[in-house]
Amino acid sequence: MSLDVKVPASGESITSANVARWHKKNGDSVRKGEVLVTLETDKVSNELEAATDGTLEILVGEGKEVAIGAVIARLEESSNPAADKPSPPETVSEKASPAPEKVEDSPATPSPAPTPAKGELIQLKVPASGESITSANVAAWRKKDGDPVEKGEVLVTLETDKVSNELEAPASGILKILTPEGEEVAIGATIATIDPAGANDAPPPAKEPVHPQSAPKSAPVAAVEKPAETPRMKPDLTVLNAPAEKDTKPAEEGDGRTTRRKMSMLRRKIAQHLVNAQQTAAILTTFNEVDMTAVMELRKQVQEEFMKKHGVKLGFMSFFVKAVVQALKDVPTLNGRIEGNEVIQNHFYDIGVAIGTEKGLIVPVLRDADQSSFAGVEREILEFAGKARDGKITIEDLQGGVFTISNGGVYGSLLSTPILNPPQSGILGMHTIQQRPVALDGQVAIRPMMYLALSYDHRLVDGKEAVTFLIRIKDCLESPARLLLEM
């Protein structure tokens, strides 16, 4: 009996999808729940799982666009599911037999410390990181092939197009690395195995001195050295790309004047995101300048008391976040987006704040910024900066913003044209503060001035609304009392 694999509905405005990637090959045996294919629409990516055990027959190849409801494959259901080798997806055995049920339990639960039968290998798989993430990059192995590992030790750092995470050993044993650093693998793929039988064999005394000698390159192994795990987690952001350079051939060409390395998944995602933004929106930028005197004087007056009371400094960003919220209330068109032939109007104020990391730009979101105090905004920004530095940003931190603020001024940028963060309709660019001569009441005065840039989607936002929005921000910053009075 065969079962059709159809393209599911993804929303009223979506009529077709692209077959982005098959995770199984034609004729493969699959099990119920395994991911078969990734489908991409103009909004989201979906993964389709096998509805039953069986043999896969692919009808539509990768890269083809198909209508919603179309049949893209068939599953020939197995007549005897017990004969379909249930153990391989979960464990690898040297012998095809004993107790497949016990073997399945080991990798399914990250905390199993059972004693598997001798010869049974525990698989280390790439975990799911979100519906739209279909693959990950093996960024850095913390252990070497053949190393003994202990349950709970960090083995590898995986990098996706959004976040990076660390996988720990589910059990003690001997590590066998199957996928080298720099390789991209599908979600659910096995990248290493652990032989738990090796955990019962005491390592020979000669091996003890080997690890201290290699300590600068890999983490300690012995249980008594476990405190070293904490400092080992800190340099995540600095080591992720180095292994890819080493494994990518040719790393150097000719006489060494050029070096070739793979783009990280995050960098590839950023590149794709920016190109898509320019291709799908009518981006226009308007400029203005703001006199930062009032804000700077206010910060100087209250900074010491502010820090004593709230434990954080009063920075510029909280003023800009509050000014943007007020401007969104006054010009609500900027707090909307185009979806198909419809306009979605937002009635909440989740503001994205761009943060630069060594891996690339990320935009964590301040939730309900209209309800946060100045101290609350500053505290959240500090927390996000710390998480970004430590590689702990989650997907949830990056989703759902209605407007973005980007501060190129921290790098010395005098003027720029920021690119929209789709599907948002506006982004504000802050720049460096410069002492410049300006005319005030017929007199020339030196004032701390900042250029502001507002890029917006001209399909939805008219020029008048964009200019009005930017002037609202300027007024709020030049007269901070307006923020308290919501003017």
Side-chain angles (χ1 to χ4, degrees), residues 3 5 7-8 17-40 44-58 62 72-73 75 78 81 84-93 100-112 116 120-141 154-171 175-194 264-266 268-269 394-395:
L3 184 69
V5 179
V7 179
N18 186 67
V19 180
R21 179 179 180 182
W22 283 102
H23 297 276
K24 297 289 184 178
K25 291 182 292 186
N26 189 45
D28 276 359
S29 295
V30 299
R31 302 182 68 209
K32 181 179 179 180
E34 282 191 303
V35 175
L36 300 181
V37 63
T38 298
L39 301 175
E40 291 182 349
V44 296
S45 296
N46 291 324
E47 294 178 345
L48 294 192
E49 298 179 351
T52 184
D53 297 348
T55 302
L56 178 66
E57 179 188 2
I58 296 176
E62 293 180 354
I72 57 174
L75 279 176
S78 303
D84 285 338
K85 300 181 183 178
S87 58
E90 300 299 332
T91 58
V92 178
S93 281
E101 294 181 2
K102 181 179 290 187
V103 175
E104 286 185 28
D105 290 340
S106 296
T109 310
S111 57
E120 294 176 354
L121 306 180
I122 298 176
Q123 287 188 331
L124 187 69
K125 294 188 175 186
V126 179
S129 301
E131 292 184 2
S132 63
I133 298 178
T134 60
S135 61
N137 188 67
V138 180
W141 281 104
V154 176
L155 301 182
V156 63
T157 299
L158 298 177
E159 184 184 27
T160 71
D161 55 20
K162 292 185 175 67
V163 294
S164 62
N165 53 42
E166 297 172 336
L167 293 191
E168 298 179 350
L175 177 68
K176 173 64 177 176
I177 295 176
L178 304 178
T179 304
E181 293 175 350
E183 293 295 321
E184 185 174 350
V185 289
I187 299 299
T190 301
I191 58 175
T193 60
I194 296 175
S264 67
M265 294 192 70
L266 178 60
R268 295 204 304 268
K269 186 67 174 181
T394 65
I395 297 174

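This chain uses plain numbering: 1 for the first residue, then up along the sequence. Nothing here was measured: the structure is a model prediction, and the numbers come from that model.
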Self-check item: Nearest heavy atoms of W141 and A192, plus distance in Å
Solution: CH2-CB, 3.5 Å
Quiz item: Got a second to check how far E184's CD is from E159's CD, nearest 0.5 Å?
Solution: 10.0 Å
Exercise. Could you tell me the separation between the OG1 atom of T157 and the CG atom of N137, rounded to the nearest 0.5 Å?
Key: 11.0 Å
Quiz item: To the nearest 0.5 Å, what is the distance between CD (E57) and CG (N26)?
Solution: 6.5 Å
Quiz item: Do you know the tightest heavy-atom contact between A128 and I187?
Solution: CA-CG2, 3.6 Å
Quiz item: Which heavy atom of L3 sits nearest a heavy atom of A51, and at what distance?
Solution: CD2-CB, 3.7 Å
Exercise. Hey, could you give me the CG/NE2 distance between L48 and H23, rounded to the nearest 0.5 Å?
Key: 9.5 Å
Quiz item: For the atom pair CG (L124) and CG (L158), what is the distance rounded to the nearest 0.5 Å?
Solution: 8.0 Å
Quiz prompt | Atom pair CG (L56) and NZ (K25), whose distance is rounded to the nearest 0.5 Å | solution = 11.5 Å
Self-check item: Set of side-chain contact (heavy atoms from CB on, under 4.5 Å) partners for K176, sequence neighbours left out
Solution: D145, L178, T193
Self-check item: side-chain contact (heavy atoms from CB on, under 4.5 Å) between I194 and L155, intermediate numbers included
Solution: CA-CA 11 Å; I194 296 175; L155 301 182; 4.0 Å; yes
Exercise. Report the residues that fulfil side-chain contact (heavy atoms from CB on, under 4.5 Å) with E49, sequence neighbours left out, ordered by chain and then residue number.
Key: V35
